[in-house]
Protein chains: 4
Amino acid sequence: MTKNGSGKRAQTKKANRAAILQAARALFGELGYSETTVRDIIGRTSLASGTFYNYFSGKEEIFKALRDETAQQVRPRLRDERIRATSFVDFIHRTFRSFFEIMDANRDLYSIIRRNSGLLRLQQDTPEIIAGFDELRDDVEDAIRRGLLPSIDIDYFVSAIIGVALEVGDAMIQRIPVDVEAAARFASQLFTGGIPALPTVEPGIASKA
Amino acid sequence: MTKNGSGKRAQTKKANRAAILQAARALFGELGYSETTVRDIIGRTSLASGTFYNYFSGKEEIFKALRDETAQQVRPRLRDERIRATSFVDFIHRTFRSFFEIMDANRDLYSIIRRNSGLLRLQQDTPEIIAGFDELRDDVEDAIRRGLLPSIDIDYFVSAIIGVALEVGDAMIQRIPVDVEAAARFASQLFTGGIPALPTVEPGIASKA
Amino acid sequence: MTKNGSGKRAQTKKANRAAILQAARALFGELGYSETTVRDIIGRTSLASGTFYNYFSGKEEIFKALRDETAQQVRPRLRDERIRATSFVDFIHRTFRSFFEIMDANRDLYSIIRRNSGLLRLQQDTPEIIAGFDELRDDVEDAIRRGLLPSIDIDYFVSAIIGVALEVGDAMIQRIPVDVEAAARFASQLFTGGIPALPTVEPGIASKA
Amino acid sequence: MTKNGSGKRAQTKKANRAAILQAARALFGELGYSETTVRDIIGRTSLASGTFYNYFSGKEEIFKALRDETAQQVRPRLRDERIRATSFVDFIHRTFRSFFEIMDANRDLYSIIRRNSGLLRLQQDTPEIIAGFDELRDDVEDAIRRGLLPSIDIDYFVSAIIGVALEVGDAMIQRIPVDVEAAARFASQLFTGGIPALPTVEPGIASKA
DNA sequence: AATGAATGAGCGTTCATTCAT
DNA sequence: AATGAATGAACGCTCATTCAT
């Protein structure tokens, strides 16, 4: 009767799994994947180190799990957003805004103030973003099929979106206050009209964090 | 008389230093900085582990050395390229072409076949690219001052260039044959005219590696 | 219910900790502190190298632990001994006898057959003795206050006791059988009456090991 | 003709050997034997690391050489001193004064301010003192034969002298100014008359460095 | 004889993972 | 299912010694 997950045991299991995922999510954000140790993760929970392996087969596994879990939440939303797009301007803008909203929602994870004295550009590899990217290519292909986008080089195009999303998103996160809409506008105007379409700013103000 | 580097010993030293640098360069490309061990590096040479420390004081040192050495080669070229730019179209195109040429020249380092079953987007942290980025911001500011670029949001703009350079460059490297000019054209047309300016390709061809 | 140390696990832990301490104690005695490696220590147990760090945070830690643990056993005894002293003869004798008893009890540690072909007098840095010395100075000051000892130069006096305890104790340990009382008598008579008070021995017998 | 050591080559050799010995002597004093590296030693000379092994077969060898070299200088002096002794009081006093004079002459080597936060009593193992000890036993035996000393337990007695010489000498060195005669008086009075013979000092002054 | 780079065993320590309880 | 101690390979790095020049 409790086999299907409604018993007390099953609830504990669910809670433990969630606790581990949450801790891992935070640490991947703070330290990056390779600097995060399994000890760090279980140390943030009330569980013992061995318990980790009852839920995940290893460090890589939990990353996949995190990505997939997030994907399940993110996917429908991205789909809905983009499917509703009526023009390529709209499509691009929704794409970037969605990404940036996800980054903002997980802002704490990304605010890392460039460790290693700025030497290294440790990419964060956070599951949220990876999950989002997985959707992107299909949607772009679909958009081309639907005539929203011209038949451009999909590989390069998707790469360009990802690159801008990662880097501009990173820059966005470090500003106070974070302005998702402004960042999304910047990125989508760049894509839809190129530099000439970008808004001008007063010199000297542009780069202030 | 041979103290200044023309003797056999001095040649061996030079060769060893070069061998270590080359091995490190390759491994940073393949595994990224934090996944590369000093033992990996020395293992790619015919030297003994202790010898590494005759040349570099540690792992971070060799990264810096690699970056600085590359920067010395890359910097003047990037400067020359961009300073000669007469329009913003020209400026952008030269920027991307320079980056992509550097990536192509170090192609082997970047062809990594997405490790970890494509899971992680471990950014490569290669010294070549870092060195190039260091120049970029100054040049963009200068270009705005010279009126080549409108006074846009510099942070976001530089981020966007870096993102596109990294990701499109990555995609470019994985195609056979590598076509630097095509990639540079794609990226610069995106930046100068937005999506409408991008050339269309026959559907289904675009994404072939 | 077995959390407080009565379970099998807790017993194993206790035993392991004891095994590591014992091994370290023996090796510090045999090789001295700086010549003893963590691998040496763990190699004398049936444990794996990493296990050492479950119990002690490093080499210095285990030395401190050994010293403190011993001090806890030694301190009260030394105090009791010396506080009970009714004359300076008594005080000195009790002091040396206590030291020599400690050395005898840990005899195996000190029987080192003068390593390095007798070249070096590597002081043993054993925690037992260090712990004992820590007490000595206070007790001497106290004894002077109580009038048991004249107000002599405390620094030199304590140094002299330590020197004699270390060196005579070392010689004592190498005789078979070990005669603690005889060594204590020698040292205390030297201190209380000087050479004239020392017992004479038949020539040629004195120095046999 | 220059085979016997008067040529230019031979002079250089002599000077190199002396330079290495001097550097080693200083470092053994500063850092102790086991903390001194061969690199440290050659680093204090103008020679190259390999050259060290043209003169000494290793770290242990140089210690022996230092001890022996010193012994050759120290031996006759100690002998002269003690042979001239006319009473056991005189013998003991000359013994300690000689030791303390040697320590004072090499004072810089011993002034180490107890590293390791006082945890360890790293004995200095300086060749000068070791060399002196080697003479002691013979001289004591001789003194007993000559009737200067009663036939006491030679092992213990020599050990006691060494212990007091090392520890009181160490304490002496750390006082400013160093008073060799006072330390020698303290030690010899202790040995000849025991504690009752020691001079009293004003309380509170005794232990000031 | 002098050089100084090369060697490689060894150091203290970390950490993903296993396993007895 | 949970525990947390045990494991041992691997890490960055040091250093006495060797050896080609």
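Every chain is numbered from 1, with letters handed out A, B, ... down the list of sequences.
Residues in residues 46-58 of chain D take part in no salt bridge (charged side-chain N to carboxylate O under 4.0 Å, His left out) pair, two or more places apart or across chains. The side-chain hydrogen bond (donor to acceptor under 3.5 Å, both in side chains) pairs that include a residue from residues 41-53 of chain A are A:Glu30-A:Arg44, where partners are two or more places apart or lie in different chains.
For A:Ile41 and E:dC15, the CD1 to C1' distance is 12 Å, given to the nearest whole Å. The separation between A:Glu35 atom CD and F:dC11 atom C1' is 13 Å, rounded to whole Å. At whole-Å resolution of the value, CD1 in C:Ile20 and C1' in F:dT7 are 13 Å apart. We find that CD1 of A:Ile42 is positioned 12 Å from C1' of F:dA2, with the value rounded to whole Å. The separation between A:Lys14 atom NZ and F:dA1 atom C1' is 18 Å, rounded to whole Å. As a whole-Å value, the separation of B:Phe63 CZ from F:dG12 P is 15 Å. Residue C:Arg17 contributes atom CZ, which lies 12 Å from atom P of F:dA6 at whole-angstrom precision.
Among residues two or more places apart in sequence or in another chain, the ring pair (Phe, Tyr, Trp, His ring centres under 6.0 Å) test is passed with D:Tyr55 by none. In this structure, the side-chain contact (heavy atoms from CB on, under 4.5 Å) partners of B:Thr37, at least two apart in sequence or on a different chain, are B:Arg39, B:Asp40.
Put simply, A:Asn16 has no side-chain N or O that comes within less than 4.0 Å of OP1 or OP2 on F:dA1. Side-chain nitrogen and oxygen atoms of D:Tyr55 include at least one within less than 4.0 Å of the OP1 or OP2 phosphate oxygen of E:dA2.
Taking CD of C:Gln22 as the reference point, atom CG of C:Leu27 lies at 10.5 Å (rounded to 0.5 Å). Here D:Phe63 contributes atom CZ and D:Arg25 contributes atom CZ; the two are 11.0 Å apart, rounded to the nearest 0.5 Å.
The side chain of A:Leu47 has F:dT3 as its nearest neighbour among E:dA2, F:dT3, E:dT7.
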(Q) side-chain contact (heavy atoms from CB on, under 4.5 Å), that's the test. Do A:Ile20 and A:Ile42 meet it? Break it down for me. (A) CA-CA 7 Å; A:Ile20 294 172; A:Ile42 58 111; 5.6 Å; no
Q: Check step by step if side-chain contact (heavy atoms from CB on, under 4.5 Å) holds for A:Leu21 and A:Phe56.
A: CA-CA 10 Å; A:Leu21 283 168; A:Phe56 305 97; 3.8 Å; yes
Q: Take B:Lys14 and B:Gln11 through the test side-chain contact (heavy atoms from CB on, under 4.5 Å) and record every step on the way to the result.
A: CA-CA 5 Å; B:Lys14 237 179 178 170; B:Gln11 281 183 334; 5.5 Å; no
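Using a 4.0 Å heavy-atom cutoff across all strands shown, C:Phe56 reaches no nucleic acid atom at all.
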**Q.** Secondary structure of DNA chain E in dot-bracket form (Watson-Crick or G-U wobble, distances below 3.5 Å, | marking inter-strand pairs)
**A.** .||||||||||||||||||||
Q) Base, backbone or nothing for each nucleotide of nucleotides 14-21 of chain F, written B, S, -, heavy atoms under 4.0 angstrom, 5' to 3'? A) BBBBB--B
